[in-house]
Amino acid sequence: MDSMSRRLFSLCLMSALLSGGRSEVRKITKHSAYGDWAGHQERLDIGSFTRQEQVEAPEGFNLSLSRLQMSTVLLCPPPKCIPCVQVNVKINNPVPVRIEGVQIHFFEYKSNRNDGIQVQWRNYTQPLNVANFIYECFESEAGSRVEVMVKTIPDYGQRLTEGYTVEDYGIGPEVNYSVLPQKKRIIITVPPGHVVKAMLCYERGLVCRELKDHSVQLINTTSSLPYEYLLPCLCIQVFYPGLDSHRTKICPFTNSPEAFGPGLWRSSNFSDLAHRDNNMAVRFSGKCYIKPRAVLCWKSNQSCEELEESAIGFLKSGYVFKSVDIHSQMCYKFKYKNSSHIECRNRADTDWNVTLAMESNKFLLTFASHIPASFSAVLCKLVGEECQNTSQIHSITQKKLSTQKLLMILPVESQEFCVRVWRSDVTFSGKQLLCPNYSRHWIGLGLLGTVAALAVMMMFIYIVWKITTKIVSAPLWKRTVLVMYSPDSEEHKTLICAFADILKTELHCNVILDLWDSGRVAEIGIISWLYSKRELVEREGGKILIIWSKRSQKMYNQWSALDRGSQLEFSDLHDLFNTSMACVFNDFLRNRRIKDYSIIYFDGLCSKENIPEIFTKISKYRMLKDFPSLVHTLLSAPGLPCSLKLSTKFLARKIRQSEKMQMLRDRIEQCTKLQGRGLLCCEECDWSD
C-alpha cells in the first residue's frame, strides 16, 4: 500500500468512527499503464455519488472495450473480519479520451442497499486511452448477490455493469481431482469464477506439511500439481486467497492400495543405531505418521526368513532387539497393513564368518570370530529344494577374544550332503547353508556339452547365412502391386516412376502402373483398365498402394463434394485419381478388400494430417522412414516361411544403400524444393521400364 492509500484508509476509518455511523472503509489504489497519472495521486477528490449531465461521446469512445472485475476480500477491523467486494475498473479505448474520473454504483439485492463512490482528480484533463482503478471496498454479506455499475466523468452515456456473488471464506471451495500416476501428478479442478489457491501436503497429526520445493499455486479452474511419492497421508488443500480463509482438505489415498507400495518406504528414513552387546537397534521416521511393526529376518539369496519371535511394535525412540547374531545377513523387516519392507545394515563386515572345505569323506569348517561366541553345525541331505537334517548337532565355542581360528570336522558318507551353520549363544540367529563344490567331477561332461552346443550353433548360423544370402540375392516370391496416385505435376510423376522402379527391380514385384501401360489404357479406357487390374490384384493376393500428396487431398475434397455416381462417367487418361477414388469408396462402403490397401506418403511433400478419415482403418507408411515396414508387408505373403520373414530387414537395408534408392531421395528432395517455391517441373517421366 503506497503512502497516499494509507492516508486515505486512516482518514476514512477515523471519520466513520467519529461520526458514530456505520464503519465503512474505502481505499483507492490508482495505477497508470503508461504513466498517464504518475505523480498525480495528491490531486484526488473522493466524494459521494452525484448526478452528472450526459454529454455527447467523442468519436472512437467505446466503453464496452473496458472491463469490470470484482473479487471478495476480507476487511478485518476488530473484533472480526467482514467480507467486502473489491472493484477493479480497467478502461481501454482505441483513441485517447478526456476522462476526469469515474462513478461506481453498488447495489446489494438481499438488503436492497445502494452505495456509491465518485473519484475525480483536479487540474488533470490530459486525454488517455488506458487506465486502471481499484476500489476497496463495499461491505457485504457472504453469499449475497450484488451488482456494480460504472460510468465515466464526464458521462458519455455508456455504462459498465456486472453481477457478482460474494464468496464465503468461512466455507472452503469445492474441489474435484484426478490422479495421473504415470506422470506423478494430480489434476485439481474447481468451479469457474473463483480464483483459489491449491497445494499438496503430507498430513502428520494436526499439521499438513507442504511438499518440499512445491509452492502453492493460484488457479482459476484447473491446475496440475506434481508429487514425489503417492502416500496414504498425501492430501489436497484448496482455499481462497483471503486471510484466514477456511481450507478444504481432501486426503484421498488413506485406504488406497497404491499408497502402500514401495514409495511409502522409499520416502521413509531408517537410522541404524549403535550395535553392541549382541543388541541391534533402528529408528524409523517417515513423511506419514504410521506405526509399523518390525521383525528380524535372515537374508539368503532372494528371500529373507523371518524370526517371528523377535517381532515388536512401534517405538518412537526406536526398535531394540536383544540377544541377536549381529551378522551382515541379519536384516529388519517392517510391516504396515498389507505392505512390507526389508532394511539391511549398511556394513559389509561381520562379527564372524565360516568357510567350508572337503577332504576325503570329511567336511572341514573353519570359523573366524572377532568376539567370544558359540557356533553349531548339522549335516543335511538335499531332497529337492529342501535340506533335511541327518545327524546330531555339533558345537564349538570361542570363550575369549582371539585371532586364532576354530576348526570343526564333520564326517560325511557321500557327496550329496551339505551343512547348516549358525551362532548358538544368542536367541535370534540365522542358519547358513553351505554345500561343497563338485564341479571338478563334472569337468569332462561339461566340456563335451560345450563342444556339442558350439557345433549346433555353428550349423544354425551356416543355415541362416545360406538362406539369407539366397533371399537377398534373388527373392523366392513375387507380389502383384497396383499403384494409384494423383497427377500433381510431371516432376511428381517422375517420383512415382522412381518409386515403382524400386518395387519392380529391387523387390521383384509385379508393378501395375498406368504410366507403364498407357497404350492399353487408351485402348479400353481408364475405368475398364483400373477395375480389371483391381480384380487381378485380388486373385493374386496382391496389394494396392495409394500414393498420397497435398494435391491428392485437394482433389479428394473436390471429388467428395460431387455426386459419386457421376464419377464413373470420366474415362480420359488424366482422370485416374477420380476413378481410383470411386473404386476405393466402393470397397470401403461394402467393407470388403480393405486389407489390400495401403497409403504411401513422402516426407516433406505430405503429412499424416493430409490423409482423410476414410483411410483410418488401413496402414500408412511414411517414405523413406517406414520403408523397412513396407518391405515386410509386401513380402509377408501367405505361406512364407518364418526364416524368410526374418530376412526381410537385411533386404531392406541392402535396398536403402542402393543407387536407385539414392536417386529416389534426390527426386523427393527436388520435389520438396519445388513445392516450397510453388513451382512445377516439366521433366518427363521415363516410362521405358
Can you tell me if NZ on Lys110 sees more than 12 non-hydrogen neighbours from other groups inside 6.0 Å? no

Which salt bridge (Lys or Arg N to Asp or Glu O under 4.0 Å) pairs, counting each pair once, include a residue from [range], with sequence neighbours left out?
range: residues 303-314; value: Glu306-Lys333, Glu306-Lys335
range: residues 611-622; value: none
range: residues 60-71; value: none

Side-chain donor/acceptor of [X] to backbone N/O of [Y], under 3.5 Å:
X: Gln237; Y: Lys249; result: no
X: Asn557; Y: Lys554; result: no
X: Ser66; Y: Asn92; result: yes
X: Ser429; Y: Asp325; result: no
X: Asn62; Y: Ser64; result: yes
X: Trp548; Y: Ile599; result: no
X: Ser323; Y: Thr427; result: yes

Which atom names give the shortest non-hydrogen contact between [X] and [Y], and what distance separates them?
X: Leu200; Y: Pro226; result: CD1-O, 3.4 Å
X: Ala259; Y: Leu264; result: O-CB, 3.8 Å
X: Gly261; Y: Ser339; result: O-OG, 4.2 Å
X: Val95; Y: Glu59; result: CG2-O, 3.6 Å
X: Tyr240; Y: Val195; result: CD2-O, 4.2 Å
X: Gln158; Y: Leu63; result: OE1-N, 2.7 Å

Can you sort out the partners of [X] under side-chain contact (heavy atoms from CB on, under 4.5 Å), two or more places apart, ordered by chain and number?
X: Pro154; result: Val55, Arg98, Glu100, Tyr156
X: Ser310; result: Val295, Leu296, Leu307, Phe321, Phe428
X: Ser285; result: Asn269
X: Glu162; result: Leu68, Met70

Close side-chain approach of [X] and [Y], heavy atoms under 4.5 Å:
X: Asn88; Y: Lys90; answer: yes
X: Ile117; Y: Tyr135; answer: yes
X: Val196; Y: Thr248; answer: no
X: Tyr229; Y: Trp265; answer: no
X: Ile104; Y: Phe133; answer: no
X: Leu605; Y: Thr672; answer: yes
X: Ile153; Y: Gln118; answer: yes
X: Tyr164; Y: Thr72; answer: yes

Between Cys235 and Cys251, does a disulfide bond (SG atoms under 2.5 Å apart) hold up when you go through it step by step? CA-CA 4 Å; Cys235 300; Cys251 302; 1.9 Å; yes

Check against side-chain contact (heavy atoms from CB on, under 4.5 Å), Phe334 and Val282: CA-CA 11 Å; Phe334 295 88; Val282 63; 3.9 Å; yes

Would you please test Val146 and Phe138 for side-chain contact (heavy atoms from CB on, under 4.5 Å) and show each step? CA-CA 10 Å; Val146 300; Phe138 293 103; over 6 Å; no

To the nearest 0.5 Å, what is the distance between [atom1] on [X] and [atom2] on [Y]?
X: Ser300; Y: Gln432; atom1: OG; atom2: CD; value: 8.5 Å
X: His632; Y: Tyr621; atom1: NE2; atom2: OH; value: 9.5 Å
X: Ser271; Y: Glu343; atom1: OG; atom2: CD; value: 9.5 Å
X: Lys151; Y: Met149; atom1: NZ; atom2: CE; value: 5.5 Å
X: Asn132; Y: Ile91; atom1: CG; atom2: CD1; value: 9.0 Å
X: Glu108; Y: Glu139; atom1: CD; atom2: CD; value: 10.0 Å

side-chain contact (heavy atoms from CB on, under 4.5 Å), that's the test. Do Leu211 and Tyr202 meet it? Break it down for me. CA-CA 7 Å; Leu211 270 63; Tyr202 294 125; 3.9 Å; yes

Pairs in or reaching into residues 252-264: which pass side-chain hydrogen bond (donor to acceptor under 3.5 Å, both in side chains), with residues at least two apart or in two chains? Ser256-Glu258

What residue pairs, at least two apart or across chains, pass side-chain hydrogen bond (donor to acceptor under 3.5 Å, both in side chains) with a residue in residues 174-189? Arg185-Ser224

NZ or CZ of Arg204 within 45° of Tyr289 ring axis and under 6.0 Å: no

Quick one, Asn112 with Phe107, criterion side-chain contact (heavy atoms from CB on, under 4.5 Å). Give me CA distance, side-chain angles, the key distance, then yes/no. CA-CA 7 Å; Asn112 200 28; Phe107 175 71; 3.1 Å; yes

Residue pairs meeting disulfide (SG to SG under 2.5 Å), one or both in residues 266-295, sequence neighbours left out, come to Cys233-Cys288

State which residues pass disulfide bond (SG atoms under 2.5 Å apart) with Cys84; sequence neighbours excluded, sorted by chain then number. Cys137

Is it true that the SG atoms of Cys208 and Cys201 are less than 2.5 Å apart? yes

Per ring-ring contact (aromatic ring centres under 6.0 Å, His included), His341 is matched among Tyr336, Phe260, Tyr332, Phe270 by Phe270

Show every donor-acceptor pair shorter than 3.5 Å between a side-chain atom in residues 313-320 and any protein atom, with sequence neighbours excluded, or say none if there are none.
| from | atom 1 | to | atom 2 | distance (Å) |
| --- | --- | --- | --- | --- |
| Tyr319 | OH | Pro292 | O | 2.5 |

